[in-house]
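Below, chains carry the letters A, B, ... as their sequence lines are ordered, and counting in each starts from 1. Side chains included, hydrogens not; waters and symmetry mates left out as well; all remaining heavy atoms used.
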Amino acid sequence: MRSRILAIPYNKRSHRCGELRGCDIDKQVLLAGWVNAARDHGGVVFVDIRDHTGVTQLRFNPAPTGGAHETAQRLHNEDVIAVTGRVLSRGEWVNPKMPTGEIEVEVDQIEVLSECAPLPFQLNDEFETSEETRLRYRYIDLRRPEMQEVLRLRHRVARAIREYFHENDFIEVETPFLTKSTPEGARDYLVPSRVQPGSFFALPQSPQIFKQLLMIAGYDRYAQIVRCFRDEDLRADRQPEFTQLDLEMAFVQREDVMAMVEGSAKRIFKDALGVEITTPLPRMTEEEAMERFGIDRPDTRFGMELKDVTEFMGEVDFKVFREAIDQGGVVKCLVAKQAESLTRKITDGLTEEIRGIGGAGLPLVKVNKGDNGVTFSTGVAKFLQPICAKLCEQVGADPGDVIFFMTGTFADVSKYLHYLRTRLATILDVIPKDRWDLLWVIDFPLVVWDEEEQRWFSTHHPFTAPLDEDIPLLDTDPGKVRDKAYDLVLNGIEIAGGSIRIHRQDVQRKIFSLLGIGPEEAKEKFEFLLEALRFGAPPHGGIAYGLDRWVMMLSGSESIRDVIAFPKTQRAVCPLTGAPGPVSQAQLDELYLSLKALPGS
RNA sequence: GGGGCCGUAGCUCAAUUGGCUAGAGUACCGGACUGUCGAUCCGGUGGUUGAGGGUUCGAAUCCCUUCGGCCUCGCCA
């Protein structure tokens, strides 16, 4: 028989669920939260109540407590309840595993504020629920303490950023989401205009041009945490909408922006994780990064650097290497130290993986101790044995090591050996834990030649300024021109990138022309920027941080989706809302849109 | 667009060489139990094996197509 239960003023919580301690014993308290677990012993009933601060054990005695005990017996996980009661010492039943384990609350009144239907998945399951299900019921997934901590870490990062830039005289200015398609770059998300039938807005890939206009407008220092949109295929570290910290400064050189960024990085690490990082941060040119690591965002937490051994191969009778070199290619290698654990099965697997990303094969040798120094075995040993000693000395290989080779164009060799290096680091477990390797990569090529389209493309974007001393090369050898860009890399992930911008109209026109953006197109797409550059543009530069990637790194998450409250799947749909979805014919008519036949219909 | 892995009860997973009524844990329902804290114990409900087609006496298992999820190359200034 259910007794009448008095309503509890849940808006007057005396404490949060993770707060009570031994010093609170005997206090009368009012708690509200979710049922984390219920243990019914027939007599006494224990219920753990949870909110974002933690968990407290409630005790329901069968004694005359106005029906509270009976209600407690019917509770399910994730019911929302409010209780009043008295804090008691747990005496001999203290639970040292819980922060509130010294006490429990003896409940005198309970009110079920909201019942929970059978859950689609258990919050505290020992098994990890599939991401598909978690995203479908994201609001349940987000209740998990792990997710709560990630989103709170994200907040600490955002707050540290806002405070730091505010203290340094930056102002936050909002820029349009409904804007114009930018040239090059990613595919745009488009929004049709109703009042301008046949015309479309593009959602911004970044506020790049607007922040430059703000500099021209004299705001001196701007910083904004802002959403950006790119309609490209997704990855573990990419979402169609993602968040940047976007900033721009006037009257600055590269050094000034980099120093400001380093200060913010220091602040973020301290406020978000309590970690002290040392500044100034190390720097590396793009050329050196490519040479040593095969990638422009090197993970410097471990060695296994790439070594160029092209010059040694002249003495070797190995057709594969010879032919590649004759065609202008290179031969590089990397040395896996003390790699006895690399079985044939593993190296065969790696060869397959390299083939999977477009490589031809993976020549290798094992280094052994011979009667007179070192010898090679397996793989391409018979070809390389003549230069064994010399090669080992050059690349620092010792008995027990395995040397992997790659040949082809510099770009291909870099790509495959970089892939191999990171895979080997995982397999051989050589990446130190709890290490934060921040580093600047600078002096990128301003433009790269695209063989397919037979034209130059910006390495970063068309507004990046060239190094002053390289400007003359724009006419003679554009591929040699370096730019005033800088990328910030953390443990091998690019987490920020920016540059000093072009602030002179003549230079900007020249770059557009180099990129094959003709006067017509330039005029059509951003006459407003070229025009603005005519009216007193200060030298300026800035940077954008990938906020999601920062949080992903700082929280140790493997996917950007784990640090976004409501992310999309790899096919860019939201399993929770079902977006994107069809719209009514009336909506289409209003926009003067008609749909072509859909694929598969 | 290409390559790879995966899909069995609400959830997490089993199921021998293609062979018995597709099982277990958990959740859910019912019962027992006064110190648990992943409570325990007893009983029960629950299945279009992602979908469609094929091979076979017989398919979760083999073949084809397709849908979905994840990783990745291209792409992402």
Using a 4.0 Å heavy-atom cut-off, does [X] contact any base of the nucleic acid, only the sugar-phosphate backbone, or nothing at all?
| X | answer |
| --- | --- |
| Glu104(A) | base |
| Arg134(A) | nothing |
| Glu92(A) | nothing |
| Val447(A) | nothing |
| Arg355(A) | nothing |
| Phe46(A) | base |
| Glu132(A) | sugar-phosphate |

Within the modelled atom types, does a donor on one side and an acceptor on the other bring the side chain of [X] and the base of [N] under 3.5 Å apart?
| X | N | answer |
| --- | --- | --- |
| Arg235(A) | rG74(B) | yes |
| Asn95(A) | rC37(B) | yes |
| Arg571(A) | rC70(B) | no |
| Arg238(A) | rC76(B) | yes |
| Glu128(A) | rU12(B) | no |

Set of residues satisfying side chain to side chain contact (heavy atoms under 4.5 Å, CB included) with respect to [X], sequence neighbours excluded:
| X | answer |
| --- | --- |
| Glu352(A) | Arg355(A) |
| Glu520(A) | none |
| Pro120(A) | Tyr137(A), Ile140(A) |

- Message: Is the shortest side-chain heavy-atom distance between Lys332(A) and Met406(A) below 4.5 Å?
- Response: no

In whole angstroms, how far is the [atom2] atom of [N] from the [atom1] atom of [X]?
| X | N | atom1 | atom2 | answer |
| --- | --- | --- | --- | --- |
| Glu115(A) | rC28(B) | CD | P | 13 Å |
| Phe60(A) | rU36(B) | CZ | P | 18 Å |
| Ile357(A) | rG2(B) | CD1 | P | 19 Å |
| Asn77(A) | rC37(B) | CG | C1' | 13 Å |
| Glu352(A) | rU72(B) | CD | P | 19 Å |
| Gln73(A) | rG30(B) | CD | P | 12 Å |
| Arg187(A) | rG1(B) | CZ | C1' | 11 Å |
| Phe121(A) | rC11(B) | CZ | P | 10 Å |

- With sequence neighbours excluded, give me every side-chain hydrogen bond (donor to acceptor under 3.5 Å, both in side chains) pair touching residues 487-504 of chain A. Glu248(A)-Arg501(A), His460(A)-Asp487(A), His461(A)-Arg501(A), Ser499(A)-Arg501(A), Arg504(A)-Asp506(A)

Please tell me which of the listed nucleotides, [options], lies nearest to the side chain of [X]?
| X | options | result |
| --- | --- | --- |
| Asp48(A) | rG1(B), rC37(B), rU34(B) | rC37(B) |
| Pro118(A) | rC28(B), rU72(B), rC76(B) | rC28(B) |
| Val573(A) | rG69(B), rC71(B), rG35(B) | rG69(B) |
| Asp233(A) | rG74(B), rC70(B), rU72(B) | rG74(B) |
| Pro62(A) | rC11(B), rU34(B), rU72(B) | rU34(B) |

Atom [atom1], compared across [N] and [M]: separation rounded to whole Å:
| N | M | atom1 | value |
| --- | --- | --- | --- |
| rA14(B) | rA9(B) | P | 12 Å |
| rG25(B) | rU17(B) | P | 25 Å |
| rC28(B) | rC11(B) | P | 15 Å |
| rU45(B) | rG30(B) | P | 15 Å |
| rG74(B) | rG68(B) | C1' | 23 Å |
| rC13(B) | rA60(B) | C1' | 14 Å |

With both distances kept under 3.5 Å, what pairs with [N], Watson-Crick or G-U wobble?
| N | value |
| --- | --- |
| rG10(B) | rU26(B) |
| rC5(B) | rG69(B) |
| rA59(B) | none |
| rU36(B) | none |

When you measure from the side-chain N and O atoms of [X] to the phosphate of [N], is any distance below 4.0 Å, counting only OP1 and OP2?
| X | N | result |
| --- | --- | --- |
| Arg74(A) | rC28(B) | no |
| Ser130(A) | rG7(B) | no |
| Gln205(A) | rC76(B) | no |
| His76(A) | rC29(B) | yes |
| Arg59(A) | rU36(B) | no |
| Arg39(A) | rU36(B) | no |

- Task: Strictly below 4.0 Å, heavy-atom distances to any atom of RNA chain B: list the hits from residues 410-423 of chain A, or just say none.
- Result: Lys415(A)

- Quick one: list whatever passes side-chain hydrogen bond (donor to acceptor under 3.5 Å, both in side chains) with Tyr189(A), sequence neighbours left out.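 For Tyr189(A) there are no side-chain hydrogen bond (donor to acceptor under 3.5 Å, both in side chains) partners, ignoring immediate neighbours.
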
- Residues in side-chain hydrogen bond (donor to acceptor under 3.5 Å, both in side chains) with Asp562(A), at least two apart?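 side-chain hydrogen bond (donor to acceptor under 3.5 Å, both in side chains) list for Asp562(A), sorted by chain: Arg134(A).
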
Does the distance from a Lys or Arg side-chain N to an Asp or Glu carboxylate O, for [X] and [Y], drop under 4.0 Å?
| X | Y | answer |
| --- | --- | --- |
| Arg136(A) | Asp141(A) | no |
| Glu232(A) | Arg238(A) | no |
| Lys568(A) | Glu241(A) | yes |
| Arg143(A) | Glu78(A) | yes |

- Search all heavy atoms of Gln239(A) against all heavy atoms of Ile560(A) and return the closest pair with its distance. CG-CG2, 3.6 Å

- Scan residues 412-425 of chain A for pairs that pass salt bridge (charged side-chain N to carboxylate O under 4.0 Å, His left out), counting only residues two or more places apart or in two chains. Glu353(A)-Arg423(A)

Just the table, please: protein N/O against nucleotides 40-44 of chain B N/O, every pair under 3.5 Å.
none

- Compute both the distance and the angle, then confirm whether Arg455(A) meets the cation-pi test with Phe457(A): under 6.0 Å from the six-membered ring centre, within 45 degrees of the axis.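 Yes, a cation-pi geometry.
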
